[in-house]
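If you're wondering where the values come from, they're calculated on a predicted model, not measured in any experiment. Quick note on labels: first sequence line is chain A, next is B, and so on, each numbered from 1.
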Number of protein chains: 2
Amino acid sequence: MKISAQEEFGLRCLLQLARASAAGESLTLAQIAEREGISVANAGKLMWILNKAGLVRSQRGIKGGYYLARPASEIHLNQVIRVLDGERVDSHCKSYAGVLDACVHTGDCGIRPVIVELHQIVDNALSDITLSQLLDTEANVDAALHQIHITKQRSEQRA
Amino acid sequence: MKISAQEEFGLRCLLQLARASAAGESLTLAQIAEREGISVANAGKLMWILNKAGLVRSQRGIKGGYYLARPASEIHLNQVIRVLDGERVDSHCKSYAGVLDACVHTGDCGIRPVIVELHQIVDNALSDITLSQLLDTEANVDAALHQIHITKQRSEQRA
DNA sequence: GCTAAACCTTACTTTAAAGTCAACTTTCAA
DNA sequence: TTGAAAGTTGACTTTAAAGTAAGGTTTAGC
Ligand code: FES
Ligand code: FES
């Protein structure tokens, strides 16, 4: 259970764009790459993925660059992760079938619900966090996340 | 955010042992491998990891085999995952540093709390599930997991 | 319209994880 | 005591993800 490099760096780059967009600016690939310490080529690949998914927009030409497609407060982390993950969210059992296919095709499996539930929990937790919330200091972000967690539980309790 | 093959197959093999132990039996490598559709060598590797971590015990010799070190009801999934994950739980930012080390060494980072919180949420969710709970039918397991989720929220609410 | 800056796209190379193989050691039972 | 079953270990091979490179396409400005 870990976060891939694409998810990690993609999210970081998005945060850079979020910061820039607060000042109404756009960032070129070279700027993004320099600020995150990755190669220009790699930044280009990440931006291509994010652009294709509609999370960022690009302006070509001599005064071009990248900027967020929507305000940072309207971009939720679960969308970001899903995009950077290559949409492989629902392919667990298909890929880890081994030689036998007993586990895949036999309807009754005790592990599948665990996997499904786990992804729901993660997705649910991430859906409450927006890019704009991550622009604060680490201490404040941490406090905000805990606050969200508690609030969430209360609202679910009422439901 | 995905589950590695080691985690998936390791958990499956543990479930096989849990089933066998209910009948007071132990399983050989060949039996485990056949039941999960993986190679004997791979099963051996997984069992070695689980044995080293103290989750299973092995009996050598002609009547040997593997069995759970503890009752299935006392083995929680978060322990299993942590073992199979190679204890890499707290190495996120160290590995994804890129060329610059700004993100790693600069105290203030908005992403780190997200990663930490996420892992806590996952670990927390898994800690409520035991191996014995996964031996039921898929429908029952699914129902049980939802039940746990709700119960958990209530108890946290009181705290 | 030219030109240079900047993004777009595909293909290739590198690298780390997963899986396999083969030789070794231990144990039990005849 | 001896041999076969079974686990242990480390090295090797395979494979998929990550990263890189190069050429193509679009746009702003002159
Ligand atoms: S159906 Fe996929 S692990 Fe059982
Ligand atoms: S410190 Fe690791 S992502 Fe910022």
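Counting only heavy atoms from C-beta outward, the side chains of A/Ser4 and B/Lys2 never approach each other to under 4.5 Å.
Judged purely by distance below 3.5 Å, without hydrogens or angles, the side chains of A/Thr137 and A/Asn140 pair a donor atom with an acceptor atom.
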* To do: Show your working on side chain to side chain contact (heavy atoms under 4.5 Å, CB included) between A/Val122 and A/Ile81 and close with a plain yes or no.
  => CA-CA 10 Å; A/Val122 170; A/Ile81 294 299; over 6 Å; no

* **CA sep, side-chain torsions, deciding dist, call: B/Ile49, B/Gln6, side chain to side chain contact (heavy atoms under 4.5 Å, CB included)** => CA-CA 10 Å; B/Ile49 293 173; B/Gln6 265 201 48; 3.3 Å; yes

* **CA sep, side-chain torsions, deciding dist, call: B/Met47, B/Leu17, side chain to side chain contact (heavy atoms under 4.5 Å, CB included)** => CA-CA 11 Å; B/Met47 282 300 117; B/Leu17 289 184; 4.0 Å; yes

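A donor-acceptor distance shorter than 3.5 angstrom exists from the side chain of A/Glu7 to the backbone of B/Met1, with no hydrogens or angles considered. Between the side chain of A/Gln31 and the backbone N or O of A/Thr28 there is at least one donor-acceptor pair closer than 3.5 Å. In this structure, the side chain of A/Gln79 engages the main chain of A/His76 through a donor-acceptor pair within 3.5 Å.
The nearest whole Å value for the distance from the CG atom in B/Leu84 to the C1' atom in C/dG19 is 15 Å. Here the P atom of nucleotide D/dA18 and the CD1 atom of A/Ile38 are 13 Å apart, to the nearest Å. Atom P of nucleotide D/dA16 and atom CD of A/Gln6 are separated by 16 Å, given to the nearest angstrom. Here the P atom of nucleotide C/dA17 and the CD1 atom of B/Ile3 are 18 Å apart, to the nearest Å. For A/Leu29 and D/dG19, the CG to C1' distance is 15 Å, given to the nearest whole Å. The NZ-P distance, from A/Lys2 to D/dA16, rounds to 16 Å in whole Å. Atom pair A/Gln31:CD and C/dA5:P shows a separation of 14 Å (rounding to whole Å applied).
The side chain to side chain donor-acceptor pair (under 3.5 Å) search around B/Glu117 returns none, not counting sequence neighbours. Partners of A/Asp123 according to the salt bridge (charged side-chain N to carboxylate O under 4.0 Å, His left out) rule, which considers only residues two or more places apart in sequence or in another chain, are A/Arg82.
Note on A/Ser4: a side-chain N or O is less than 4.0 Å away from OP1 or OP2 of D/dA18. For B/Ser39, a side-chain nitrogen or oxygen approaches OP1 or OP2 of C/dT20 to under 4.0 Å.
Residues from residues 42-57 of chain B that place a heavy atom under 4.0 Å from any atom of DNA chain D, listed by number: B/Trp48, B/Asn51. Near-neighbour residues of DNA chain C inside residues 58-72 of chain B, defined by a heavy atom below 4.0 Å, number-ordered: B/Gln59, B/Arg60, B/Gly61, B/Ile62, B/Lys63.
Grouping Ile, Leu, Val, Met, Phe, Trp and Tyr by side-chain contacts under 4.5 Å, direct or through others, puts B/Ile121 with A/Ile121.
The bend of the helix from C/dG1-D/dC30 to C/dA30-D/dT1, defined by the angle between the axes of its first five and last five pairs, stands at 10° to the nearest 10°.
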